[in-house]
Asks: 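One structure, as structure tokens, below. Some questions next.
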Amino acid sequence: MTVFKHELSRGRTSFAVWTVCVALLLSACVCLFPEMKGEMENVSDIFSSMGSFTAAFGMDRLDFGTLLGYYAIECGNVIGLGGAFFACLTASVILSKEEKDGTAEFLLTHPISRRSIVTQKLMAVFAQITGLNAIVFLASLASMRIVGEEIPFKEVILIHLAYYLMQLELGGIAFGISAASKRGSMGFGLGLAGLAYCLNLIANIAENVRFLKYFTPFAFCEGADIINNLALETEYLIPGAIMCLLGITAAYFIYLKKDIA
Amino acid sequence: MYAIRAQGLTKYYGRTRGIEKLDLSVEKGDFFGFIGPNGAGKSTFIRTILGLISPTSGRAEVLGMDISEKKEKLLANVGYLPSEAIFYDGMKAGKVIKLSAELRKRSCSRYAEELCERLQLDVNKRCDELSFGNRKKLGIICALQHEPELIVLDEPTSGLDPLMQREFWNILHEHNRRGATIFLSSHILSEIRNNCRNAAIIRGGSIIATGSVSELSKTDARRVAIMGSADISALEGVRALEKNEQGMSFLYSGEASSLLRALACGDVRGITITEPGLEEIFMHYYEEEAAE
């Protein structure tokens, strides 16, 4: 487990910064709710009549006047984007940085199999994603308690679970990219997170490209769907899980045979 | 038994040659020099036998274990110093030494401490603050602390000051005396001559000569230097002719009597005939490479 511990230690600053930022932003959003609540009745009408913008964020199917509706849209974007970027950034460089920084020669001439290195690094990525989500979830519950709202546990848990799975999926895909890249792949990672987010927005706006939802894990993170169905959409979860597994399998396949020059 | 044995080892990067049909055997316990110009394939060979890159064809064994089958097992008994020792930025030197030991599942802190003291490395400095020479020392400690059976060094002394170099060679000879095999890649010939028993010369991806250092230095050619002048244009076997104000100097591999006759006709005030140094012999190999 040396590599796993080493990775957690190397990534601790980035982990702390991202976790604190997402948790603080999310808590701030929740704390704004009581003030917004009174004005929301009018806002809800406005938000639900902004055409494609409304559809893009699923605001036509949620009530902004309730904590849950507000949370699903406002806060969802914070965890969604923050978490996705963190997951992609962390995963997309975790293998390639050794080559980019020239430390691969050091690491790989120790008696440790490449399979074990890949496994431990993957575990480090997933552990960091899990840690961020756990802390953000607790911060969110705490801030709901602070503003004195009743906590809709089931829905909030499902929303957080969806975002957590989304980050694992993106992390798995970015991990595959990391194994294939030689010269650092942070740009790919950022691009992947941005692309996944935009694909979902586009699919929400334009009916004829709805199939794009199968290619982005943001598809199963729609607050409106989760709250109305009280379930995650397996229709989108399954292709997501497949892409994640493909990314991870590719990482093993590529890294085990890769020439470290 | 061999510490390193390669048979027909070939590595192509796409179409670019790394090494080609390389055959090499290094006996256990040897102090072995690996010499060749830049781009000859020295690092490719080392990276291949350590499993960093996989060979296109051919096979190799390290400490009797096949490099593609028992990589982890053989690496446990190998210490490697890369030509550019690079470590994790922000990490303290001491932590790197500990990490290396942990990756080997070994506790060797006592010997590591001794090495740090002898090489005068400040373990509290961060890797990114270390000079090139100090990074090299850190690399040496990581390569030696677990007292491996085979020590592979790729241009180890660059960046080390002369005092440190002396200490470094002392340490290496200690390991060698205890039975460790030393495989030293270098293009500093004096290092090879002063330390190695056997050596191989690599050029264009293949071994062109191998044997004991004294054997490799042996040649029929003699370095002839004369003060004064003589007409040697008719002599056969003259190479590397250099003329100066005092006289001239050349490598001669022809008949001794022809040389003496030619010199007798000239105006020669002084003469020295010596065996050429290792440098000259290798320069000869290097130059052929450049001429190709």
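Lettering follows sequence order; numbering is per chain, from 1.
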Asks: Would you say the side chain of A/Tyr197 lies within less than 4.5 Å of the side chain of A/Asn77, judging by non-hydrogen atoms?
Replies: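 In contact.
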
Asks: At a heavy-atom separation under 4.5 Å, does B/Val96 approach chain A through its side chain, its backbone, both, or neither?
Replies: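 Contact with chain A involves both backbone and side-chain atoms of B/Val96.
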
Asks: Identify all side-chain donor-acceptor contacts of residues 50-57 of chain B below 3.5 Å with residues at least two apart in sequence or on another chain.
Replies:
from, atom 1, to, atom 2, distance (Å)
B/Ser54, OG, A/Asp259, OD1, 3.4
B/Thr56, OG1, B/Tyr12, N, 2.8

Asks: If you count heavy-atom pairs within less than 4.5 Å of chain A, which of B/Leu81, B/Asp89, B/Val78 leads?
Replies: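 Highest number of heavy-atom pairs under 4.5 Å: B/Asp89.
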
Asks: Less than 4.0 angstrom from a charged side-chain N to a carboxylate O is my criterion; do B/Glu61 and B/Arg59 meet it?
Replies: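 A salt bridge links B/Glu61 with B/Arg59.
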
Asks: Heavy-atom distance under 4.5 Å to chain A: side chain of B/Lys11, backbone, both or neither?
Replies: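 Looking at B/Lys11, just its side chain touches chain A.
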
Asks: Less than 4.5 Å to any heavy atom of chain A: does that hold for the side chain of B/Arg104, its backbone, both, or neither?
Replies: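 Answer is both: backbone and side chain atoms of B/Arg104 are under 4.5 Å from chain A.
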
Asks: Chain B heavy atoms under 4.5 Å from A/Lys5: which part of the residue, side chain, backbone, both or neither?
Replies: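 No part of it gets close to chain B.
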
Asks: What residues of residues 109-128 of chain A sit under 4.5 Å from chain B when only non-hydrogen atoms are counted?
Replies: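 Checking residues 109-128 of chain A against chain B gives A/Thr109, A/His110, A/Pro111, A/Ile112, A/Ser113, A/Arg114.
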
Asks: Examine whether an atom of B/Tyr88 lies under 4.5 Å from a heavy atom of chain A, and if so say whether it belongs to the side chain, the backbone or both; otherwise answer neither.
Replies: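 Both parts, heavy atoms under 4.5 Å.
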
Asks: Heavy atoms, side chains only, cut-off 4.5 Å: are B/Ile86 and A/Glu105 in contact?
Replies: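 SC-SC contact between B/Ile86 and A/Glu105 ruled out.
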
Asks: Would you say the side-chain atoms of B/Thr181 pair up with the backbone N or O of B/Gly29, donor to acceptor, closer than 3.5 Å?
Replies: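 Indeed, once roles are kept as given, a pair shorter than 3.5 Å links the two residues.
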
Asks: Taking the six-membered ring for Trp, are A/Phe33 and A/Tyr71 closer than 6.0 Å centroid to centroid?
Replies: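 When the ring centroids of A/Phe33 and A/Tyr71 are compared, they turn out to be at least 6.0 Å apart.
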
Asks: Should we say atom CD of B/Glu84 is surrounded by more than 12 heavy atoms from elsewhere, each under 6.0 Å from it?
Replies: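 No, the 6.0 Å shell around CD holds no more than 12 heavy atoms from other groups.
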
Asks: Under 4.0 Å between a side-chain nitrogen and a carboxylate oxygen: does that hold for B/Arg118 and B/Glu114?
Replies: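 Looking at B/Glu114 together with B/Arg118, the answer is yes, because their closest N to O distance falls below 4.0 Å.
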
Asks: So what's closer than 4.5 Å to chain A heavy atoms on B/Thr44: side chain, backbone, both or neither?
Replies: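 Interface part for B/Thr44: neither.
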
Asks: Just wondering, do A/Pro217 and A/Leu170 contact through their side chains at under 4.5 Å, heavy atoms?
Replies: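 Side chain of A/Leu170 against side chain of A/Pro217, heavy atoms only: contact under 4.5 Å found.
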
